[in-house]
Amino acid sequence: MDSFFQQLVNGVALGSIYALIALGYTMVYGVLRFINFAHADILMLGAFSAYFLSPAIQQIFPLPGIGGALVVMLLAAIICAGIGVGVEFCAYRPLRKRPNLAVLITAIGVSLLIEYTCQHRAVFGAETRPFPQLIAERNLDLVGLTVSNLDVLVVVMTVILLVVMWLVVNRTKIGTAMRALSFNREAAALMGIDINRVISFTFAMGSALAAVAGVLYALKAPGIEPLMGIHPGLRAFVAAVLGGIGNLPGASLGGLILGLLETFAGGIAGLSNYRDAIAFSILILILLFRPAGILGKNSVEKV
Amino acid sequence: MTFGLRSFAFLSGLTAATLFLVGCNGEKEDTIRIGEYASLSGKEANYGNAQHEGIQLAFEQVNAEGGVLGKKIELLTDDDASKAGEASNIVNKLISKDNVVAVLGEVTSGRSLEAAPICQQYGVPMVTPAATNPRVTQTGDYIFRVCFIDSFQGAVMVNFAKNSLHAKKVAIFTDIKSDYSKGLAEFFRKGFTEGGEIVAELDYSGGDKDFKAQLTTIKNSNPDVVFVPGHYTDVALIRIQSRQLGLNVPFLGGDGWEGSDLLTIGKEAVEGDYFSSHYSPDRGSAKAKSFVEAYQKRWGKTPGAIAALSYDAAMILTDAIRRADGVDRAKIREALAATKDFEGVTGKITMNEHRDAVKSAVILQIKNGVPTYLETIEP
């Protein structure tokens, strides 16, 4: 029974990170109707920003320490928000009137461009780098369970960011504009909404979330390299589809489900090798019965 | 039609240029070309760089003493970026384009297994410094190694776990993507089941970042020790996360732990763990000591086992070329196979009939952030 709860904790911690990343996929999809494959690489850039920032931050805020860690995360988020907006401006905006497929292919291209540029010796290089310890590790003993304080931080951060996201989308003017855009882009433009500004804002928010997820991911597994985003990025993309793409609570639910599935499958001796296969088979089953995702709405294509 | 003509002209120009370049290659007869493929970047960059530094130091010394057979050795190095599939591309290129006499590399068994069939097919001798999986040299009679094989290494760690650590229950955690890891885990499992119990066997996939699911299961099986025959970057993360779960029993590993990033990433999490390796810089003959000095002077750091083995691989190849009295690949192969009692920095090297070196292993323990010599085990 102990093992069950321990795996539950592991799964929730992993799933929270997937959820954070999935939010970025789902928001961009909601507004622009395409999958931003470069999102996973923004996550990696977030981790690397933190890696390069922390020696400088250390001069001002004590590291390891929660205050310094939050400052590092905030700065990484700001940098990545800028990168996200830049990517959108350079690569996606010129294709705004083109078919979605063209944008999708461009997104894959941007992703590969970032990955392979960063692997170059003159940029980051392909080797794994030790990620600085931003928070002193401690093991908390909760009724027989060993929980790392990092896992607690991951879950708390995710919940806070989710609530903030939900408030932004549902309770602010720019959030209303985002939803209007998602509903009907032309009509939104006719109502006087500055489409480009809203889209840039969406990318900034998504990328900032990815950066925070990247830092949290690097804290959990403190070895970072330019391809570190691919694995969690793919999982998060699937999580977003599973929860119903375009749906914020769906993305977080999908992330949690995927994290739990992976963890429970991975913990079975003899089957740990097949953990992805097991997780994804269950996923296919869910999608067979709910093609639009768990919280997604079925929409009829008008011909 | 204009387009067709123009591209035809372009293609003929390209062909002419290629022919010219190939022609240039053939004219260089004053050097002996030796190819090297290494993981200079990527996940196992520590291996590749140690390998390259060892080999380059060896050939610099050989060339400083006038080369071999009156010719200088020219080393052509290519990076496979620690990626599957890349090694075969590079070795193909080294052989067919650069026309190398022999090939040195790689450290990992997986990528050595990829390149070995190509070397065998073209009849180019290949010496791997540190690929320990038995299947590497089974590829064919042109493939050699200067290190021990995993059946020996597995037995060494089984004995160490049983006799020195008095372990009764052991958990094995294998990298399913790595031929090396799977092979070594198999030998360990076979050895340990006689008189011991394997309480958990789990797998991960090299490059994973989250190992907590498997480690939780391992922890709940209450092992005395955990055997992780993986590569150093994964091992460092595994060790950090196992500490987070409160799994504080000793971890054991093989020579895949031989990378400086194990310590820079793993830090205090790997403290007190044990692994088997080929050599320890603070032990050994006068020859080993002078190698350590030369290496420190050239590269500014202490050589690990991979660098030492690579140095030996390069020296054995040089010795074979000298004894073959020419660059005929078949003769070099024969000379390599006849290597006997070669005084290397990692010990005396004799090729057995399987083209494997029969050598002793050392066990190191990480103490105060440094792999420290514990004991030597003879074959």
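Not measured: the values here are computed from a predicted model. First the proteins, then the strands, lettered A, B, ... as listed; each starts at 1.
One distance of note links OG1 of B:Thr264 with CZ of A:Arg129; it measures 11.5 Å at 0.5 Å rounding. Distance check, rounded to the nearest 0.5 Å: CG of A:Asn273 to CD of B:Glu201 gives 12.0 Å. Taking CG of B:Leu245 as the reference point, atom CG of A:Asn10 lies at 5.5 Å (rounded to 0.5 Å).
Neither the backbone nor the side chain of A:Asp141 comes within contact range of chain B; no heavy atom of the residue lies under 4.5 Å from a heavy atom of that chain. Proximity to chain A (any heavy atom under 4.5 Å) is restricted, for B:Ile176, to the side chain, taken from C-beta onward. Heavy-atom distances place no part of B:Lys177 under 4.5 Å from chain A, backbone and side chain included. Proximity to chain B (any heavy atom under 4.5 Å) is restricted, for A:Arg275, to the side chain, taken from C-beta onward. Of the two parts of B:Ile238, neither the backbone nor the side chain holds a non-hydrogen atom closer than 4.5 Å to a non-hydrogen atom of chain A. For chain A, the nearby part of B:Leu237 is the side chain; its heavy atoms alone come within less than 4.5 Å. Neither the backbone nor the side chain of B:Asp175 comes within contact range of chain A; no heavy atom of the residue lies under 4.5 Å from a heavy atom of that chain.
Heavy-atom neighbours of chain B within the stretch residues 217-233 of chain A, taken at a separation under 4.5 angstrom, comprise A:Tyr217, A:Lys220, A:Ala221, A:Pro222, A:Gly223, A:Glu225, A:Met228, A:His231.
Listed for the A:Gln7 side chain is a donor-acceptor partner under 3.5 Å among the backbone atoms of B:Ala213. Although no hydrogens or angles enter the test, the distance criterion places a donor-acceptor pair under 3.5 Å between the side chain of A:Asn139 and the main chain of B:Arg243.
Among all heavy-atom pairs drawn from B:Ser41 and A:Ala126, the shortest one is CB-CB, 4.0 Å. The two residues B:Lys267 and A:Phe131 come nearest to each other via the heavy atoms NZ-O, 4.4 Å. Contact record, A:Ser3 with B:Thr216: O-CG2, 4.3 Å, taken as the closest heavy-atom pair. Taking each heavy atom of B:Thr217 and A:Ile268 in turn, the nearest pair found is OG1-N, 4.4 Å.
Between A:Glu137 and B:Ile240, the closest side-chain pair of non-hydrogen atoms falls below 4.5 Å. The shortest side-chain heavy-atom distance between A:Leu150 and B:Gln244 falls under the 4.5 Å cut-off.
Using modelled atom types and a 3.5 Å distance limit, the side chains of B:Asp261 and A:Thr128 yield no donor-acceptor pair.
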